[in-house]
Visitor: 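Input: one structure, supplied below.
In each ligand, atom 1 is the first atom listed, and ligand 1 is the first ligand listed. When reading the values below, keep in mind they use all heavy atoms of this one structure, side chains included, and skip hydrogens, waters and symmetry mates. Everything quoted here is computed from the prediction, not taken from an experiment.
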Amino acid sequence: MSRSGSVLEVLRMDPAAAGGTVTVNGWVRTRRDSKAGVSFIELNDGSCLRNLQIVAEHGHPGFQDLLAEVTNGCSLSIEGEVVASPGKGQAVEVHATRIQLLGAADPGTYPLQKKRHSFEFLREIAHLRPRTSTIGAAARVRSRISFAIHELLEARGFLYVHTPIITASDCEGAGNVFRVTTLDPGQESAAMPSDDFFGRPAYLTVSGQLQAEIYALALGKVYTFGPTFRAENSNTSRHLAEFWMVEPEMAFCDLQGDLELAEVLVKHCIQAVLDRCGEEVDFFERFMEPGLRTHLERTVRESFEVISYTDAVDLLTKSGEVFSFPVVWGGDLQAEHERYLTEKVFRKPVAILDFPRSLKPFYMRVNDDDRTVAAMDILVPRIGEIIGGSQREERRDVLLEQMRLRSIPLEEYRWYVELREWGSVPHAGFGLGLERMVQFCTGIANIREAIPFPRTPGHAEL
Ligand code: 4AD
Ligand code: MG
């Protein structure tokens, strides 16, 4: 009886107990022929980083002709004996008794060569890049982190709420929204919003927070987790136009509770990667970031640093360090300031609390000093901001004042104000960027490699 197995399952078989027949399917990564009339085929099926070595004897009936077509990138179904491998690098290998070519790959045209390709080149072949070790490993890490997020929040009693992707509100108020319209480009300028599909202006969501707040104020602890969109014309290694964000929102919760959950969630994601993606961590440590494993282990073990914005500004101005952007109270922290804090001063994640009111959106709770809001940004070494969150303004009058200062039309946010009129409670939440979390766990330098299909200014492949 032949069992069917993934490459990972076969590789996990005990070589001492090996024996028996398996069927295994995959794509050929490389192939090498020995003078003794044997081909060694490296088969990968995406189940793990490692390849399975298939040994095919040229003398086996029918193999000679078939092997001529076994080239990099072709797909095979192999039946064979699992045996302990005498070679280095693997415990078991499969001695083929039957090889079926499922799909050939013309070596003259197949773009993936054995050599290392640049990530820029791989982005141009978005349909093939997951077949490379790095993008495959990134996909596995990303999947495990996503699962770990659901796992932790489910265990803590959160409900998963699906907030809309098409929305009528610009949560962050930063004005970098994509419009959703069915009007012809020619018609657009002349047409009234009421002529459009929804009868009003509509956008792709920049954050599910405001809708998550509605559910938190009815169900207690909720989270939304989905794609978010920002038309940011910033071509950096940490910005995407489409990225995934998990946003927990908790009723009866203040900034302290928010910070606690954020730290637990980040650590849970890292621990999941350490526990379930050990091979990938070793791989990324070797090719991306020396010391990655130690760094991740230390992050899980140590408490995050917590500092107020005001103290951070103080620390930066007194540091004696020369920055390209001056540090002034009331100004945004630049990447160089963030890096200085996380990489030079504290050497670990840093939660910065209580930002100046003017720097943050209208919904953040105004502190007693009247100058700052109960905001929380969590910065990590190398990446910078990985989490942005806050306690929300639950006092109707203060919220109205915040909106007035920013000229936010009351009409569009009446429902948000009404939540403060009827049964308002203190509540808080945050957003964790999934791709930045993937970057942190892998050392991937450019965020474009942390998502299957990156969308950035000028780029939307497929
Ligand atoms: O700090 P942000 O803008 O916060 C919000 O959107 C809040 N409404 C979240 C909340 O409180 N529910 O974004 C949160 C996180 C950032 O810290 C970052 O990790 C990620 O989302 N992020 C991006 N990731 C990739 N590309 C971009 N353009 C991103 N913008 C934000
Ligand atoms: Mg932010």
Visitor: Got a sec, which residues hit salt bridge (Lys or Arg N to Asp or Glu O under 4.0 Å) with R50, two or more places apart in sequence or on another chain?
Guide: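 R50 satisfies salt bridge (Lys or Arg N to Asp or Glu O under 4.0 Å) with E279 once adjacent residues are dropped.
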
Visitor: Ignoring hydrogens and angles, tell me if any N or O in the side chain of R230 forms a donor-acceptor pair with the backbone of V206 under 3.5 Å.
Guide: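 Yes, R230 side chain to V206 backbone: donor-acceptor pair under 3.5 Å.
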
Visitor: Backbone N or O of L8 within a donor-acceptor pair of the S47 side chain at under 3.5 Å?
Guide: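 Yes, because the side chain of S47 sits within donor-acceptor range (under 3.5 Å) of the backbone of L8.
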
Visitor: To which protein heavy atom is atom 18 (C) of ligand 1 closest, and what is the distance rounded to 0.1 Å?
Guide: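 Closest protein heavy atom to atom 18 (C) of ligand 1: R436 NH1, 3.5 Å.
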
Visitor: Let me see the working for S77 and N25 under side chain to side chain donor-acceptor pair (under 3.5 Å), right down to the final yes or no.
Guide: CA-CA 4 Å; S77 181; N25 309 313; 2.7 Å; yes

Visitor: What I want to know is whether I386 and ligand 1 share at least one N or O pair that is separated by under 3.5 angstrom.
Guide: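 Yes; at least one N/O pair falls below 3.5 Å.
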
Visitor: Once you restrict to heavy atoms under 4.0 Å, what part of F430 touches ligand 1? Side chain, backbone, both or neither.
Guide: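 For F430, only backbone atoms sit under 4.0 Å from ligand 1.
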
Visitor: For H239, which part has a heavy atom under 4.0 Å from ligand 1: side chain, backbone, both, or neither?
Guide: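 It is both backbone and side chain that touch ligand 1.
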
Visitor: Run H295 and F440 through ring-ring contact (aromatic ring centres under 6.0 Å, His included) and show every step you take.
Guide: CA-CA 10 Å; H295 181 193; F440 184 70; 5.4 Å; yes

Visitor: With a cut-off of 4.0 Å, which atoms of ligand 1 are near a heavy atom of Y363?
Guide: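 In order of numbering, the contacting atoms are 7 (C), 8 (N).
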
Visitor: Backbone or side chain, does any N or O of E435 fall under 3.5 Å from an N or O of ligand 1?
Guide: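 No, no N or O pair falls under 3.5 Å.
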
Visitor: Tell me the contacting part of E247 for ligand 1: side chain, backbone, both, or neither, using a 4.0 Å heavy-atom threshold, strictly below.
Guide: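 Just the side chain.
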
Visitor: Q90 side chain to L52 main-chain N or O, any donor-acceptor pair under 3.5 Å?
Guide: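 Flag not set: sc Q90 to bb L52 has no pair under 3.5 Å.
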
Visitor: Geometry only, no angles: is M245 polar-contacting ligand 1 at N/O separations under 3.5 Å?
Guide: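 No - when backbone and side-chain N and O of M245 are compared with those of ligand 1, no distance drops under 3.5 Å.
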
Visitor: Using a 4.0 Å heavy-atom cut-off, which part of E232 comes near ligand 1: side chain, backbone, both, or neither?
Guide: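 Looking at E232 and ligand 1, just side chain atoms fall under 4.0 Å.
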
Visitor: Using 30° and 60° as the class boundaries, would you call the ring planes of Y416 and Y413 parallel, tilted or perpendicular?
Guide: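 Ring orientation, 0 to 90° scale: perpendicular.
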
Visitor: Heavy-atom contacts with I387 under 4.0 Å: which atoms of ligand 1 show up? List them by number with element.
Guide: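 It comes down to these atoms of ligand 1: 17 (O).
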
Visitor: In terms of ring plane angle, is the pair F323 and Y340 parallel, tilted or perpendicular, where the classes change at 30° and 60°?
Guide: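 Perpendicular: the ring planes of F323 and Y340 meet at over 60°.
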
Visitor: Would you check if the side chain of T132 reaches a backbone N or O of R129 as a donor-acceptor pair within less than 3.5 Å?
Guide: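 Indeed, once roles are kept as given, a pair shorter than 3.5 Å links the two residues.
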
Visitor: If you have a sec, work out which protein heavy atom is nearest atom 23 (C) of ligand 1 and how many Å separate them, to one decimal?
Guide: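 I find the closest protein heavy atom is F243 CE1, 3.4 Å.
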
Visitor: How close does the nearest protein non-hydrogen atom get to atom 15 (C) of ligand 1, and which residue and atom is it?
Guide: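 That would be G431 O, 3.6 Å.
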
Visitor: Could you pull out the N/O/S protein atoms under 2.8 Å of the Mg ion (ligand 2), ignoring any water?
Guide: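 Near the Mg ion (ligand 2), the protein supplies E385 OE2.
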
Visitor: Report yes if the side chains of K348 and F304 come closer than 4.5 Å at any heavy-atom pair, otherwise no.
Guide: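 SC-SC contact between K348 and F304 ruled out.
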
Visitor: Under 4.0 Å from a heavy atom of I447: give me the atoms of ligand 1 that qualify, with their elements.
Guide: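 So the atoms of ligand 1 that pass are 25 (C).
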
Visitor: Not counting sequence neighbours, which residues clear salt bridge (Lys or Arg N to Asp or Glu O under 4.0 Å) with R276? List them please.
Guide: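 Salt bridge (Lys or Arg N to Asp or Glu O under 4.0 Å) check on R276 returns E151.
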
Visitor: Between R406 and Q402, is there a donor-acceptor pair closer than 3.5 Å when you use the side chain of the first and the backbone of the second?
Guide: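 At least one qualifying donor-acceptor pair exists.
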
Visitor: Tell me which part of W244 gets within contact of ligand 1: side chain, backbone, both or neither, using heavy atoms under 4.0 Å.
Guide: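 The answer is neither; W244 stays 4.0 Å or more away.
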
Visitor: Checking the N or O distance criterion of under 3.5 Å, is ligand 1 in contact with L240?
Guide: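 In this structure, L240 places an N or O atom under 3.5 Å from an N or O of ligand 1.
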
Visitor: Does E260 have any side-chain contact (heavy atoms from CB on, under 4.5 Å) partners at least two apart in sequence or in another chain, and if so, which?
Guide: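 Expected list: Q256.
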
Visitor: Hey, which atoms in ligand 1 end up nearer than 4.0 Å to a heavy atom of S207?
Guide: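 Reading through ligand 1 atom by atom, the close ones are 6 (O), 8 (N).
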
Visitor: Is any side-chain heavy atom of R142 closer than 4.5 Å to one of P452?
Guide: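 In short, these two side chains touch, coming nearer than 4.5 Å.
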
Visitor: Assess the pair F178 and Y203: is the distance between their ring centroids shorter than 6.0 Å?
Guide: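 Between Y203 and F178, which both carry aromatic rings, the centre distance is not below 6.0 Å.
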
Visitor: Measure from atom 2 (P) of ligand 1 to every heavy atom in Q439, M364, Q391, R230 and give the option owning the shortest one.
Guide: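 The residue whose heavy atom sits nearest atom 2 (P) of ligand 1 is R230.
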
Visitor: Quick test of your reading of the structure: of R238, R455, E385, whose heavy atom lies closest to atom 1 (O) of ligand 1?
Guide: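 Minimum heavy-atom distance to atom 1 (O) of ligand 1 goes to E385.
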
Visitor: With a 4.0 Å cut-off on heavy atoms, does R392 reach ligand 1?
Guide: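 Right, R392 reaches ligand 1.
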
